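Starting from 1, each residue takes its place in the sequence as its number. Atom set for the values below is all heavy atoms of this structure, side chains included, hydrogens, waters and symmetry mates excluded. Keep in mind that what you see is a predicted model, and the values were worked out from it rather than measured.
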Amino acid sequence: MSKSLPYAGRILIYSTPAALTQHIEWAISQKLGQVITLKWVNQPLNPATLAMEFEYQHQNPVADQIATALKGWHYIRFEITQINKNTNDAVLYRATPDLGLHQASLSSNGDVVLNENQVNTILKNSITHDRLINNLENALGNQWEAELEPYRLALALGMKDIVSKSG
């Protein structure tokens, strides 16, 4: 009987120039320790870019390494979710060209969770109400969410059109 791998992850690249796809595959392959081939589709929101979704399982937590590798290419919009199947701890990495990389812990239903240290730091560094709101929104990743959502929707609608045309 084979032992189940403790980490499961999902990589979503919402947009990348076609010229980077092979580099992305190499980077992910290197971090996973196996050769992978990704299925790329057109990103309807930006026809000059491609998108993909890939799920993995691994013995070690590798999402941070994959996110670090991908953020090196400025033109990529992505998110990576990883869960430790033994503890149900989950982490989310997301990046956009303008905002950079954001990391957050997730609850079992996918909500961003702030720990006590994060909340105390935010309170300590928020001398005005506006600064408090800004710091909380940044910790929650609201700007990343707002920028990535149109790409998610466009890709979902594009995939629905592809499926309905081929069916």
Side-chain angles (χ1 to χ4, degrees), residues 5-17 20-21 23-24 27-28 30-32 38 43-159:
L5 297 172
Y7 294 94
R10 184 171 167 217
I11 304 167
L12 290 153
I13 296 185
Y14 293 112
S15 69
T16 186
L20 293 179
T21 58
H23 298 287
I24 291 167
I28 295 171
Q30 180 186 27
K31 300 307 176 191
L32 292 176
L38 302 174
Q43 168 50 265
L45 190 60
N46 185 350
T49 65
L50 297 173
M52 71 86 187
E53 177 180 346
F54 179 75
E55 293 185 7
Y56 67 89
Q57 292 190 35
H58 205 270
Q59 183 62 38
N60 300 307
V62 293
D64 59 338
Q65 296 172 35
I66 296 169
T68 300
L70 295 180
K71 78 172 185 164
W73 292 294
H74 178 70
Y75 301 104
I76 302 176
R77 285 177 181 81
F78 71 86
E79 64 185 11
I80 302 168
T81 307
Q82 180 175 272
I83 186 167
N84 179 330
K85 295 187 285 185
N86 295 327
T87 64
N88 285 330
D89 291 337
V91 64
L92 169 66
Y93 296 89
R94 48 191 163 184
T96 73
D98 294 332
L99 298 172
L101 184 65
H102 179 262
Q103 176 188 348
S105 296
L106 299 177
S107 68
S108 60
N109 70 352
D111 287 344
V112 171
V113 177
L114 301 179
N115 65 42
E116 181 179 353
N117 186 49
Q118 289 173 296
V119 172
N120 284 331
T121 300
I122 289 168
L123 291 172
K124 180 181 173 187
N125 294 325
S126 301
I127 57 175
T128 66
H129 181 262
D130 288 343
R131 187 74 179 153
L132 174 64
I133 291 171
N134 184 284
N135 288 342
L136 283 170
E137 288 178 344
N138 190 47
L140 293 171
N142 290 357
Q143 289 178 302
W144 285 264
E145 191 66 23
E147 187 169 327
L148 291 174
E149 187 63 13
Y151 287 87
R152 288 184 197 115
L153 293 173
L155 193 56
L157 291 172
M159 293 304 289

Gap between atom OG1 of Thr16 and atom CG of Leu70 - 0.5 Å precision: 8.5 Å
Partners passing side-chain hydrogen bond (donor to acceptor under 3.5 Å, both in side chains) against Ser126 (at least two apart in sequence or in another chain): Asn135
Beyond-backbone contact of His23 with Ile76, side-chain heavy atoms, under 4.5 angstrom: no
Reported CG-to-CG distance for the pair Leu155 and Asn46, which is rounded to 0.5 angstrom: 12.0 Å
Interatomic distance, Gln143 atom CD to Leu148 atom CG [nearest 0.5 angstrom]: 11.5 Å
From OH (Tyr7) to CG (Leu5), nearest 0.5 Å: 11.5 Å
Closest heavy-atom pair and its distance - Ala67, Leu101: CB-CD1, 4.2 Å
Pairwise salt bridge (charged side-chain N to carboxylate O under 4.0 Å, His left out) hits with a residue in residues 69-88, at least two apart: Arg77-Glu147, Glu79-Arg152
Contacts of type side-chain hydrogen bond (donor to acceptor under 3.5 Å, both in side chains), residue Ser107, not counting sequence neighbours: Asn109
Validation row: Trp73, Ile24 side chains within 4.5 angstrom (heavy atoms): yes
Full working for side-chain hydrogen bond (donor to acceptor under 3.5 Å, both in side chains) between Gln82 and Tyr93: CA-CA 9 Å; Gln82 180 175 272; Tyr93 296 89; over 6 Å; no
For the student: nearest non-hydrogen atoms of Ala63 and Ile80, plus distance: CB-CG2, 3.7 Å
Shortest non-hydrogen contact from Asn117 toward Asn115: N-OD1, 3.0 Å
Side chain proximity check, Ser108 to Asn88, heavy atoms < 4.5 angstrom: no
Pairs satisfying side-chain hydrogen bond (donor to acceptor under 3.5 Å, both in side chains), at least one member in residues 60-70, at least two apart: none
Spacing of Leu132 atom CG and Ile127 atom CD1 [to the nearest 0.5 Å]: 11.5 Å
Nearest heavy atoms of Ala69 and Ala27, plus distance in Å: CB-CB, 4.2 Å
Nearest non-hydrogen partners of Leu32 and His58, listed with the distance: O-NE2, 3.1 Å
Pairwise distance CG(Leu114) to OG1(Thr121) - rounded to 0.5 angstrom: 10.5 Å
Sequence neighbours excluded, every pair satisfying ring pair (Phe, Tyr, Trp, His ring centres under 6.0 Å) that has a member inside residues 94-140: His102-Trp144
Contacts of type salt bridge (charged side-chain N to carboxylate O under 4.0 Å, His left out), residue Glu137, not counting sequence neighbours: none
Step-by-step side chain to side chain contact (heavy atoms under 4.5 Å, CB included) determination, Tyr56 to Ile28: CA-CA 10 Å; Tyr56 67 89; Ile28 295 171; over 6 Å; no
Closest non-hydrogen atom pair between Val113 and Leu106, with its separation: CG2-C, 3.9 Å
